[in-house]
Number of protein chains: 2
Amino acid sequence: MKHITIKDVAKKLNVSISTVSRAFNNKYDIKEETKEKILKTAKELGYKPNPIAKKLSQQRSFTIGIIVPEFSNNFFPEVMLGAQEVLLKEGCQALIMQSNHSWEVEKKNVETLVNNMVDGLIISLTSESKNNAYYNDLIKQNIPIVFFNRTVDQIKASKVLFDDYKWAMFATEHLIVQGYKNITHLEGDKNLTLTKNRLRGFTDAHKKYKLTVGKVVPCGFKMEDGERVAQEMIDKSEVPRAIFAANDSSAVGAISVFKKNGYSIPKDIAIVGFTESNLAKHTTPTLTSVEQPTNDIGQTAAKLLLEQINTKGLFVPQTIVLNGRLNIRDSSVKII
Amino acid sequence: MKHITIKDVAKKLNVSISTVSRAFNNKYDIKEETKEKILKTAKELGYKPNPIAKKLSQQRSFTIGIIVPEFSNNFFPEVMLGAQEVLLKEGCQALIMQSNHSWEVEKKNVETLVNNMVDGLIISLTSESKNNAYYNDLIKQNIPIVFFNRTVDQIKASKVLFDDYKWAMFATEHLIVQGYKNITHLEGDKNLTLTKNRLRGFTDAHKKYKLTVGKVVPCGFKMEDGERVAQEMIDKSEVPRAIFAANDSSAVGAISVFKKNGYSIPKDIAIVGFTESNLAKHTTPTLTSVEQPTNDIGQTAAKLLLEQINTKGLFVPQTIVLNGRLNIRDSSVKII
DNA sequence: TTGTAAGCGTTATCAC
DNA sequence: GTGATAACGCTTACAA
């Protein structure tokens with residue numbers, strides 16, 4: 001497969017390659033007439049600028065890297081879609097990699113992307129990642145990075161966050177005001193800021209209503225985590241009256257184990273999820289959940305990153321917090 | 001951010017850049033001693049080969065592009081994981097793009113990847129794609145492509161397929177042998193081979209048992225499609241006794257509408273899905289579904305592609321058909 | 001075994 | 001306005 005190059009176009013028209021290059025990059029003076037002529041024959045010849053050569057020459061790739069822990073949950077795909085919308089408008093391309101919940105893979109992905117000269121990175125950390133120093137180093141090397149949702153406080157970079165505290169509080173409150181006592185929180189992966197914030201929302205909701213804070217059970221974000229924890233609760237005969245789960249996946253996992261063991265939702269156990277997934281509307285009962293503005297998160301992260309890239313250095317890290325919504329469904333309503 | 005280059009290493013050691021290059025590419029003669037010396041100081045200096053320059057110079061990228069219609073369903077992420085496993089072993093990297101069910105986006109993705117000098121492509125077509133000519137052109141240009149699952153007959157390339165016919169037949173048979181009559185098939189997106197094959201399996205299962213073939217309703221692969229079709233059935237009072245759905249998503253969509261309208265599954269309507277999703281085990285009732293060997297599909301596609309890349313030209317397109325499994329769950333059992 | 005130099009397809013800095 | 005030409009970082013004949 002032979003690529004047509006700028007040279008072929010130049011030769012065909014008896015102009016220099018620099019003229020052809022100029023025709024494709026509006027920033028230089030060039031006679032309108034020759035420009036059109038070049039553009040026309042370039043199209044005829046099927047010329048496509050080679051981005052690789054452009055990258056090498058410009059030391060800039062017009063590509064940004066996106067690293068997410070997983071694709072399986074539909075949260076991340078939706079965020080990426082949002083990011084791609086704004087990147088596309090700026091002529092940037094997204095290079096997507098998944099770290100598959102492993103810090104090693106995440107680090108390797110970062111290196112691959114940096115070596116491939118991405119202009120910047122949009123990252124949501126794996127649950128495991130503890131290497132803030134690594135990222136702070138990268139940032140010191142002037143590699144633009146924006147983090148979203150899964151991040152840690154110690155990293156000094158722009159961030160797009162969801163107010164997990166506030167919405168965890170709302171979610172818990174929703175259970176409390178309906179009169180549920182003995183509410184247990186299934187805690188997400190530790191050492192993520194969002195996990196701490198959701199926990200804080202959970203406890204503060206109790207405090208607000210002057211209730212003793214419910215139990216907190218380490219769980220995780222996967223269905224299997226929810227299944228495991230629910231099974232443990234049943235085995236220990238410590239099944240709570242209501243649950244505020246780490247996320248929808250763990251909630252769904254827990255629900256299925258509870259139901260299998262004869263518990264009825266919400267009659268025996270009320271349950272609220274987090275991070276509205278496409279599951280929520282289709283489980284039985286339908287799942288109450290906090291909806292995050294996925295598309296908006298992606299768009300905001302991309303905008304922030306592009307801004308940072310274009311202002312080279314003299315920018316201040318920003319943290320933008322976005323709003324959500326509590327979708328109340330059958331899994332949490334009080335049956336009288 | 002200043003990258004350390006081959007030059008820096010060469011200067012430091014007073015050797016030529018070609019020697020340094022050779023030290024990193026074992027194929028040339030080079031004194032073991034100098035090689036080690038170079039590798040050592042390269043590491044000290046923090047030298048990382050620049051893949052962009054390598055691509056430009058070698059006209060080969062050691063990157064393969066993967067294009068899928070979507071990430072939302074967990075079928076495609078699992079396939080990609082499988083592909084990445086084998087690619088990684090060969091020192092290849094995967095560049096993933098989603099076409100978001102649009103032929104225009106798919107075409108643009110292909111162009112982006114080709115321009116970025118991917119060594120080959122692994123593609124699952126969007127439902128819309130009708131442009132076989134486009135792909136046949138690409139193949140004529142010697143761009144290695146392997147298609148998986150979603151493909152059309154007219155494209156002359158290697159393919160990794162699932163025997164949709166066989167497993168659709170098994171799925172339908174499973175309903176028939178339990179005594180269900182009046183079985184309706186929710187048909188997937190038209191003009192995909194797999195849709196035709198599933199339909200053929202559906203009809204042939206009926207023929208095998210000398211039954212009149214059930215109704216076929218055009219549906220699609222999304223939850224909304226299932227919801228829409230179920231609602232139409234209810235509105236027209238044409239609710240069947242059993243359903244073989246296009247896939248799990250459409251099955252789940254249909255189930256939720258039926259349940260909302262007072263139908264009981266499987267008592268009133270038995271239902272079987274296709275392409276085991278993480279939903280199947282967690283719906284109520286749990287969903288009978290055909291499980292596809294996702295990881296294996298990815299691995300096989302990647303192997304086929306690498307083989308094709310390495311044998312440049314003198315290879316024959318292969319079609320590999322993989323096997324699956326019917327997971328029988330509550331949604332399809334006969335209640336006596 | 002090592003060095004020299006041309007080339008990969010662009011962009012960018014000079015002249016003219 | 002346009003054309004040479006030197007980068008960008010690497011590979012790879014060909015010489016030495």
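Not measured: the values here are computed from a predicted model.
Residue contacts shown for A:Pro49 are limited to sugar-phosphate atoms, with no base heavy atom under 4.0 Å away.
The backbone N or O of B:Phe62 sits less than 3.5 Å from a side-chain atom of B:Asp119, completing a donor-acceptor pair. Between the side chain of B:Asn109 and the backbone N or O of B:Gln98, at least one donor-acceptor pair lies under 3.5 Å. Between the side chain of A:Ser99 and the backbone N or O of A:Val68 there is at least one donor-acceptor pair closer than 3.5 Å.
Here C:dT1 presents its P atom at 21 Å from CG of B:Asn14, a figure rounded to the nearest Å. Here the P atom of nucleotide D:dT5 and the NZ atom of A:Lys7 are 14 Å apart, to the nearest Å. Residue B:Arg22 contributes atom CZ, which lies 8 Å from atom C1' of C:dT1 at whole-angstrom precision. Between B:Leu13 atom CG and C:dT2 atom P the separation is 12 Å, expressed in whole Å. For B:Met117 and D:dT11, the CE to C1' distance is 13 Å, given to the nearest whole Å. Atom CG of B:Asn26 is separated from atom P of D:dT11 by 12 Å (rounded to the nearest Å). One interatomic measurement links the two molecules: CD1 of B:Ile17 to P of D:dT12, which rounds to 13 Å at whole-angstrom precision. Atom-to-atom, CD of B:Gln59 to P of D:dG9 comes out at 18 Å; the value is rounded to the nearest Å.
With C:dT2, D:dC10, D:dG3 as the choices, the nucleotide that has an atom nearest any side-chain atom of B:Tyr47 turns out to be D:dC10. Distance from the side chain of A:Leu56 is smallest to C:dG9 among C:dG3, C:dG9, D:dG3. Candidate nucleotides C:dT11, D:dG3, C:dT1 were compared by shortest atom distance to the side chain of A:Val15, and D:dG3 ranks first. When the nucleotides C:dT10, C:dT2, D:dC10 are ranked by their closest atom to the side chain of A:Ile6, C:dT10 comes out on top. For B:Asn50, counting side-chain heavy atoms from C-beta on, the closest listed nucleotide (C:dT2, D:dC8, D:dG9) is D:dG9. Of the candidates D:dC10, C:dT11, D:dT2, the closest approach to any side-chain atom of A:Ile30 belongs to D:dT2.
Checking A:Lys35 against A:Gln58, the closest nucleotide of DNA chain D that is more toward the 5' end is the one next to A:Lys35. Between B:Ser18 and A:Ser18, the one whose closest nucleotide on DNA chain C sits nearer the 5' end is B:Ser18.
Where the helix from C:dT1-D:dA16 to C:dC16-D:dG1 starts and where it ends, the local axes point in directions that differ by 50°; five pairs per end, rounded to 10°.
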Test side chain to side chain donor-acceptor pair (under 3.5 Å) on B:Asn115 and A:Lys54; report intermediate values, then the result. CA-CA 11 Å; B:Asn115 288 338; A:Lys54 189 173 187 161; over 6 Å; no
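For B:Ser16 and C:dT4, the shortest distance from a side-chain N or O to OP1 or OP2 is not below 4.0 Å. Residue A:Ser57 places none of its side-chain N or O atoms closer than 4.0 Å to OP1 or OP2 of C:dG9.
Each of B:Ile17, B:Val15, B:Thr41 was scored for a side chain to side chain contact (heavy atoms under 4.5 Å, CB included) with B:Val9, with one residue passing: B:Thr41.
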With a 3.5 Å cut-off and sequence neighbours excluded, list the donor-acceptor pairs that the side chains of residues 43-52 of chain B form with protein atoms.
| from | atom 1 | to | atom 2 | distance (Å) |
| --- | --- | --- | --- | --- |
| B:Glu44 | OE2 | B:Lys40 | NZ | 3.4 |
| B:Asn50 | OD1 | B:Ile52 | N | 2.7 |
| B:Asn50 | OD1 | B:Ala53 | N | 3.2 |

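Using a 30° and 60° split on the angle between ring planes, A:Phe148 and A:Phe75 fall in the tilted class, from 30° to 60°.
Atom NZ of A:Lys159 has more than 12 heavy atoms from other residues, nucleotides or ligands within 6.0 Å.
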